[in-house]
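Notes for the one structure printed next.
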Amino acid sequence: MASVVSDKRGTYVDLEGHTVRKYDFLQLSKIPRLEFDDPNVESIIANEEPVLLVNSNIISSALKWDLDYLKKNLGAGSFSVYSSKTCKFMYYDEKRAKQWPYFIPPTQRIHMKFEEFCSRVRNLKASDSRVYLQQMLDDSVGKNIVKDFLEFKWQWLTEMQRKMNWGSLTSNLLLIGLPGNITPVHYDEQQNFFGQLTGFKRVILFHPDQFKCLYPFPLYHPCDRQSQRFPKLKELKGYEVIVGPGDVLYIPMYWWHHVESTMNSGITTSVNFWFKAGPTPSQITHPLTAQQKVAVMRNIERMLGEALGDPHEVGPLLNCMVNGRYT
Ligand SMILES: O=C(O)C(=O)[C@H]1CC[C@@H](C(=O)O)C1
Ligand SMILES: [Zn+2]
């Protein structure tokens, strides 16, 4: 039994030499760890299942992106830094947040220079709010960062994008976090190669068919795609993986994922590659896949909000339609 440690912050276990939070409920399996040029990689990605690409050097030019290097080279711009009173950094849509009554943003987004971010990180006291830099990379960064970025293995990435018939690369998010930071479980509507640069993260993933156990917020809610709660712990079947420097994790579109920087990691730096989905296949076969059913549910919520003219009427109408009838 892995050693369990409890302190005022919570209960932790050792996972492959890393200290991570202990979640009693989860039946967690492993996901395949393959060399990036393993012949099985393509079929796993084509099947939209997660896979960890090790020794991939897809992002090796950025393994030197520690705080000192980034401070010298990221540039003089301001960066989006989220601050949280807890260790959780749940995403929310700021435009929707303004229109959703009684919504209390779970984090606060602050624009700050990288110097300030570094000093906050380096002088953080236990009583301080935690911080998480999450910034889309754009051409405002310094020339050395551009050089490192151009040295990513773009041939492999664009080849995979073409083979999988994905849409365009929409963005690369640069993530710099503290040990123990958590991005709570959610899904994205994009294909994702998640690259780990410095430090270690533990990623827990759930198949899209676990939707019924993860209770995402309503589509029109600021926290659309984020899980509201975990009541059906026993039924949840998931996968977990530790990602470390140089690893690239394929997170398939619609797969739920929870990401935590391990407790004994240093500062964690990651960069992801979000690709738009490919076109809907001309031939739809039945039964629909779990992913297609999530897309259908989203379309129904979206259409009902438009038809009713008020997103707050969607819930009551759906309850009226289902409760007591579709038992
Ligand atoms: O790449 C994704 O899909 C994400 O959810 C990222 C947003 C926060 C990131 C993290 O490492 O905590 C993961
Ligand atoms: Zn995500």
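Nothing fancy with the numbering, it's 1 onward along the sequence. All heavy atoms count here, side chains included; hydrogens, waters and symmetry mates do not. As the structure is a computational prediction, the values presented were derived from the model and not from experiment.
- Salt bridge annotation for D68-K71: absent, with no cationic side-chain nitrogen under 4.0 angstrom from a carboxylate oxygen.
- No more than 12 heavy-atom neighbours from other residues, nucleotides or ligands sit within 6.0 angstrom of CD on Q155.
- Side-chain atoms of K237 do not come within 3.5 Å of backbone N or O of F206 as any donor-acceptor pair.
- D224 has a carboxylate O that lies under 4.0 Å from a charged side-chain N of R96, or vice versa, which qualifies the two as a salt bridge.
- Judged by distance alone, with hydrogens and angles left aside, the side-chain atoms of R130 form a donor-acceptor pair with the main-chain N or O of P179 at under 3.5 Å.
- Classification of the H258-Y23 ring pair by plane angle, with boundaries at 30° and 60°, yields perpendicular.
- Ring-plane geometry between W65 and F152 is classed as tilted, the angle between the planes lying from 30 to 60 degrees on a 0 to 90 degree scale.
- In this structure, a donor-acceptor pair under 3.5 Å is present between the side chains of N47 and E49.
- Under the rule for a salt bridge (Lys or Arg N to Asp or Glu O under 4.0 Å), the partners of E151 that lie at least two apart in sequence or sit in another chain are K147.
- Heavy-atom contacts from other residues, nucleotides or ligands closer than 6.0 Å to NZ of K30 number more than 12.
- Classified by interplanar angle (parallel below 30°, tilted 30° to 60°, perpendicular above 60°), the ring pair W156/F36 is perpendicular.
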Could you pull out all donor-acceptor pairs under 3.5 Å where a side-chain atom in residues 306-317 meets a protein atom, sequence neighbours excluded?
{"unit_1": "D310", "atom_1": "OD1", "unit_2": "H312", "atom_2": "N", "d": "2.8"}

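- Note: W166 and F193 meet the aromatic proximity criterion, with ring centroids under 6.0 Å apart.
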Next item on the list: Check step by step if side chain to side chain donor-acceptor pair (under 3.5 Å) holds for Q196 and S270.
Entry: CA-CA 4 Å; Q196 188 57 20; S270 319; 2.7 Å; yes
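- Side-chain contact, S261 with T268: a donor N or O sits under 3.5 Å from an acceptor N or O.
- You'll find the side chain of D188 stays beyond 4.5 Å of the side chain of Y91, heavy atoms only.
- More than 12 heavy atoms of other residues, nucleotides or ligands lie within 6.0 Å of CD in E16, so this atom counts as buried by the packing criterion.
- Surrounding NZ of K64 are more than 12 heavy atoms belonging to other residues, nucleotides or ligands, all under 6.0 Å away.
- Applying the 6.0 Å contact sphere to NZ of K88 captures no more than 12 heavy atoms from other residues, nucleotides or ligands.
- The cationic group of R229 lies under 6.0 Å from the six-membered ring centre of Y215 and within 45° of the ring axis, placing it in a cation-pi geometry.
- Remark: aromatic rings of W256 and Y239 are distant, center separation not under 6.0 Å.
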Next item on the list: Begin with the C-alpha distance, continue with both residues' side-chain angles, and end with the deciding distance and a verdict on ring-ring contact (aromatic ring centres under 6.0 Å, His included) for W255 and H207.
Entry: CA-CA 5 Å; W255 273 67; H207 191 286; 5.0 Å; yes
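- In this model, a donor atom of one side chain and an acceptor atom of the other lie less than 3.5 Å apart for T289 and Q292.
- A distance-only check finds no donor-acceptor pair linking the side chain of E240 to the backbone of L205 [under 3.5 Å].
- Salt-bridge formation is not detected for the pair E189/K276: no Lys NZ or Arg NE/NH1/NH2 atom is positioned less than 4.0 Å from an Asp or Glu carboxylate oxygen.
- In summary, the aromatic rings of Y82 and F89 are positioned with their centroids too far apart to meet the 6.0 Å limit.
- Counting only distance, with no hydrogens or angles, the side chain of Y92 and the backbone of T107 share a donor-acceptor pair below 3.5 Å.
- More than 12 heavy-atom neighbours from other residues, nucleotides or ligands sit within 6.0 angstrom of CG on L150.
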May I have the list of side-chain donor-acceptor pairs in residues 244-252 shorter than 3.5 Å, sequence neighbours left out?
{"unit_1": "D247", "atom_1": "OD2", "unit_2": "G244", "atom_2": "N", "d": "2.8"}
{"unit_1": "Y250", "atom_1": "OH", "unit_2": "Q191", "atom_2": "OE1", "d": "2.7"}

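- Using cut-offs of 30° and 60° for the angle between ring planes, the Y187 and F211 rings count as tilted.
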